[in-house]
Amino acid sequence: MLGGRVVKILMSSCLWLLLSCSLSYGTETDIACLKSIKASLEDPFGYLKSSWNFNNNTEGFICRFTGVDCWHPDENKVLNLRLSDMELKGQFPLGLRNCTSITGVDLSNNDLVGTIPTNISNITPFLTSLDLSSNSFSGTIPADLVNCSYLNVLKLDRNRFTGQIPAELSLLKRLKTFNVANNLLTGPVPNFTTSSFGADVYANNTGLCGKPLDDCPGTPKGRKD
């Protein structure tokens, strides 16, 4: 009888230790995520500098940072990162890979440059919303975005993206909001079957064609895809 109680106590202790280690690991990576993002971005108006203070050991302290939403206010697990309209400078923050449970990233209306990582689904695999609009991102839109299969919102408008919109994006079955207007894109637009996007989401890309835009050159008469 006594032996059985001892075994139960030992098993409970081991389980508690495992959960504690798992939680600690998870929260430490999220803290490292935000530290990396802060270090990688220029912050001319001090939005991050004034709020993102890491000299704190209390659980959930990063949840009080400007632009950070957590899964729970007392747990250092980042849910969303909302850093729009801060005039931040730099490139796409690769430190996001350490925010292992993040679902929303809004970096819109800043001065960010460079490309979207070609392996973005490895960096942010659980994204439901990605807003990079109104920056100076360039290069091609990575086809790997199709592997961010939970995406509901993808806003890439008002940047300097070139090349074709990957046809693979039409496989994003959950996508409800999509915008690539005001870029330098060319070629046929994706043939979305589960959502209907109007011509406005492609506006001011003079090289784009296909339904709902004008026919692409060489398209047989009567077809728009």
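None of the values given here were measured: they were computed from a predicted structure.
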If the condition is side-chain hydrogen bond (donor to acceptor under 3.5 Å, both in side chains), which residues does N119 pass it with, not counting sequence neighbours? none
To check you understand the geometry: which heavy-atom pair defines the closest contact between P212 and A199, and what is its length? CG-N, 3.6 Å
Shared hydrophobic cluster, V189 / L184 (ILVMFWY, side-chain heavy atoms < 4.5 Å): no
Is the closest side-chain heavy-atom distance between C209 and D215 below 4.5 Å? no
Say whether, by atom type as modelled, one donor and one acceptor occur between the side chain of D111 and the main chain of K89 under 3.5 angstrom. no
Co-membership, hydrophobic cluster, residues L208 and F197, 4.5 Å side-chain: yes
Determine whether more than 12 heavy atoms belonging to other residues, nucleotides or ligands lie under 6.0 Å from atom CZ of F54. yes
Give the intermediate values and the outcome of side-chain contact (heavy atoms from CB on, under 4.5 Å) for residues L112 and F137. CA-CA 6 Å; L112 303 178; F137 286 110; 3.6 Å; yes
Look up atom OG1 in T27 and atom CZ in F61, then write down how far apart they are to the nearest 0.5 Å. 9.0 Å
Hey, is the main chain of G207 close enough, under 3.5 Å, to the side chain of N205 for a donor-acceptor pair? no
Could you check whether any side-chain heavy atom of E59 comes within less than 4.5 Å of a side-chain heavy atom of E75, counting everything from C-beta outward? yes
Give the cluster check for F192 versus L185: same hydrophobic cluster or not, with ILVMFWY residues linked at side-chain heavy-atom distances below 4.5 Å. yes
Sort out for me which residue in T29, I62, V68 forms a side-chain contact (heavy atoms from CB on, under 4.5 Å) with N76. I62
Any L34 side-chain heavy atom under 4.5 Å of L81 side chain: yes
Whether S36 side chain and A32 backbone form a donor-acceptor pair below 3.5 Å: no
Would you tabulate the side-chain donor-acceptor contacts of residues 160-180 under 3.5 Å, counting partners in other chains and residues two or more places apart, or write 'none'?
residue: S170; atom: OG; partner: A167; partner atom: O; Å: 2.8
residue: N179; atom: OD1; partner: A181; partner atom: N; Å: 2.9

Smallest separation among heavy atoms of P117 and L94, with atom names: CG-CD2, 3.6 Å
Run the side-chain contact (heavy atoms from CB on, under 4.5 Å) test on C70 and L79 for me, step by step, so that the C-alpha distance in whole Å, both residues' side-chain angles and the decisive distance to 0.1 Å come before the verdict. CA-CA 5 Å; C70 289; L79 172 65; 5.6 Å; no
Is there a side-chain contact (heavy atoms from CB on, under 4.5 Å) between L83 and L88? Walk through the geometry before answering. CA-CA 8 Å; L83 302 182; L88 301 172; 4.0 Å; yes
To the nearest 0.5 Å, atom CG of L156 lies from atom OG of S108 at 11.5 Å
Heavy atoms, side chains only, cut-off 4.5 Å: are I37 and W52 in contact? yes
Test log, rule side-chain contact (heavy atoms from CB on, under 4.5 Å), inputs M86 and N110: CA-CA 6 Å; M86 293 185 178; N110 284 297; 3.7 Å; yes
Could you check whether any side-chain N or O of N159 sits under 3.5 Å from a backbone N or O of D157, counting only pairs where one atom can act as donor and the other as acceptor? yes
Going through the distances and angles, do D106 and R82 end up as a salt bridge (charged side-chain N to carboxylate O under 4.0 Å, His left out)? CA-CA 5 Å; D106 183 354; R82 308 179 191 278; 5.6 Å; no
Any Lys/Arg nitrogen of D43 or K49 sitting under 4.0 Å from an Asp/Glu carboxylate oxygen of the other? no
Distance in Å, I31 CD1 paired with C99 SG, rounded so as to fall on 0.5 Å steps: 10.5 Å
Close side-chain approach of K77 and S101, heavy atoms under 4.5 Å: yes
Nearest 0.5 angstrom please: N80 CG to S129 OG, how far? 7.5 Å
May I ask you to list the residues sharing a hydrophobic cluster with V153, side-chain cutoff 4.5 Å, ordered by chain and number? none
Can you tell me how far CG of D69 sits from SG of C63, rounded to the nearest 0.5 angstrom? 9.0 Å
Just verifying a value: how many Å separate N98 CG and C33 SG, rounded to the nearest 0.5 Å? 6.0 Å
Quick one: do N182 and N204 satisfy side-chain hydrogen bond (donor to acceptor under 3.5 Å, both in side chains)? Show the steps, please. CA-CA 5 Å; N182 298 286; N204 298 318; 2.8 Å; yes
Heavy-atom distance under 4.5 Å between the side chains of N135 and V113, does that happen here? no
Min side-chain heavy-atom separation L154-L127 under 4.5 Å: no
Considering only heavy atoms from C-beta outward, does the side chain of L130 approach that of T124 to under 4.5 Å? no
Say whether L145 and F126 are linked into one hydrophobic cluster, either directly or through other cluster members, by side-chain heavy-atom distances under 4.5 angstrom. no
Would you say the ring centers of F65 and Y47 fall short of 6.0 Å from each other? no
